[in-house]
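Below: one structure, written as structure tokens.
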Amino acid sequence: MPQQFYARDALDVARDLLGKRLCRGAVRLRITEVEAYRWPGDTANHCRAGRTRRNEPMWGPAGCAYVYLCYGMHWMLNLVTGDTGEGAAVLIRSAEIESGLAIVRRRRAGLQGPPLCAGPGRLAAALGLDARFNHHPLHVHGGLEVCEGEPPAAILEGPRVGIDFASPGDRKAPWRLAEASSKWVTHRSRFQG
DNA sequence: TCTACGATCTTT
DNA sequence: AAGATCGTAGAT
């Protein structure tokens, strides 16, 4: 996807990322679940308190990766959105493995059992991501990139996961999006009927 | 420096 | 319901 694709409101980018393909070498994943961290005023957003060393990529140009370590053990992949100077991003939470299953299994050697690619920690592990991918431009060919794909027929919308510290309004905001028909979605019961 | 805690995942 | 496990942020 061109850089322009990412230079919009995180919620719009999140919706359009569903069904797109996330590729690194032979590993190709179809995105099934995402979360938008918007700007400004989103109290769940890592940038809520301004610029810090960790959230640096989020203030930079759209289309770059924001990769950070969560709970001391899981890498999270975010794609920076909006204009430079705004702190917004989309967290990629789950995907379906379209190719490169053997490589993904190898990378997940330390973890156990299926599902292989549901949940943001597993997804980053499947792609073999770590701090080296922080700031990586997704819109540049080669390395890690996002390619065209078929959009989902129906989309589920619900509150984001793991943000109990945010304001009541932001905790309720339906900014987690998922492909309704996909098996590769976490916390299904938390979506509206 | 010091310390509390987190956009998770697994097993119980 | 809780443990693994460590970088970050805000306070000192």
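Reminder, nothing fancy here: chain letters follow the sequence lines and each chain counts from 1.
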Problem set entry | Spacing of the C1' atoms in dA2(C) and dC5(B) (rounded, Å) | 16 Å
For this session: With Arg160(A) as the cation and Tyr37(A) as the aromatic partner, state whether NZ or CZ is under 6.0 Å from the six-membered ring centre and within 45° of the axis.
Result: yes
For this session: Determine, for Phe191(A) and Arg188(A), whether the Lys NZ or Arg CZ falls below 6.0 Å from the six-membered ring centre while staying within 45 degrees of the axis.
Result: no
Under 4.0 Å between a side-chain N or O of [X] and OP1 or OP2 of [N]?
X	N	value
His74(A)	dC9(B)	no
Thr52(A)	dT8(C)	no
Arg93(A)	dT8(B)	yes

Counting the atoms with a prime plus P, OP1 and OP2 as sugar-phosphate, which does [X] contact under 4.0 Å by heavy atoms, base, sugar-phosphate, or nothing?
X	answer
Tyr37(A)	base
Met76(A)	sugar-phosphate
Ala44(A)	base
Leu91(A)	base
Arg54(A)	sugar-phosphate

Problem set entry | Nearest-neighbour nucleotide for the Leu69(A) side chain, dA9(C), dC9(B), dC6(C) considered | dC6(C)
When the distance from [atom1] of [X] to [atom2] of [N] is rounded to whole Å, what number comes out?
X	N	atom1	atom2	answer
Arg53(A)	dA9(C)	CZ	P	9 Å
Arg51(A)	dA9(C)	CZ	P	13 Å
Asn55(A)	dA7(B)	CG	P	12 Å
Asp130(A)	dC6(C)	CG	C1'	15 Å
Arg38(A)	dA7(B)	CZ	P	19 Å
Asn45(A)	dA9(C)	CG	C1'	15 Å
Met58(A)	dT8(C)	CE	P	15 Å
Met73(A)	dA2(C)	CE	P	16 Å

Exercise. Taking NZ, NE, NH1 and NH2 as the nitrogens, is one of them in Arg93(A) or Glu35(A) under 4.0 Å from a carboxylate oxygen of the other?
Worked result: yes
Exercise. Would the Tyr68(A) and His46(A) ring centres measure less than 6.0 Å apart?
Worked result: yes
Problem set entry | Ring centres under 6.0 angstrom apart (Phe133(A), His136(A)) | yes
Problem set entry | Nucleotide forming a Watson-Crick or wobble pair with dA4(C), both distances under 3.5 Å | dT8(B)
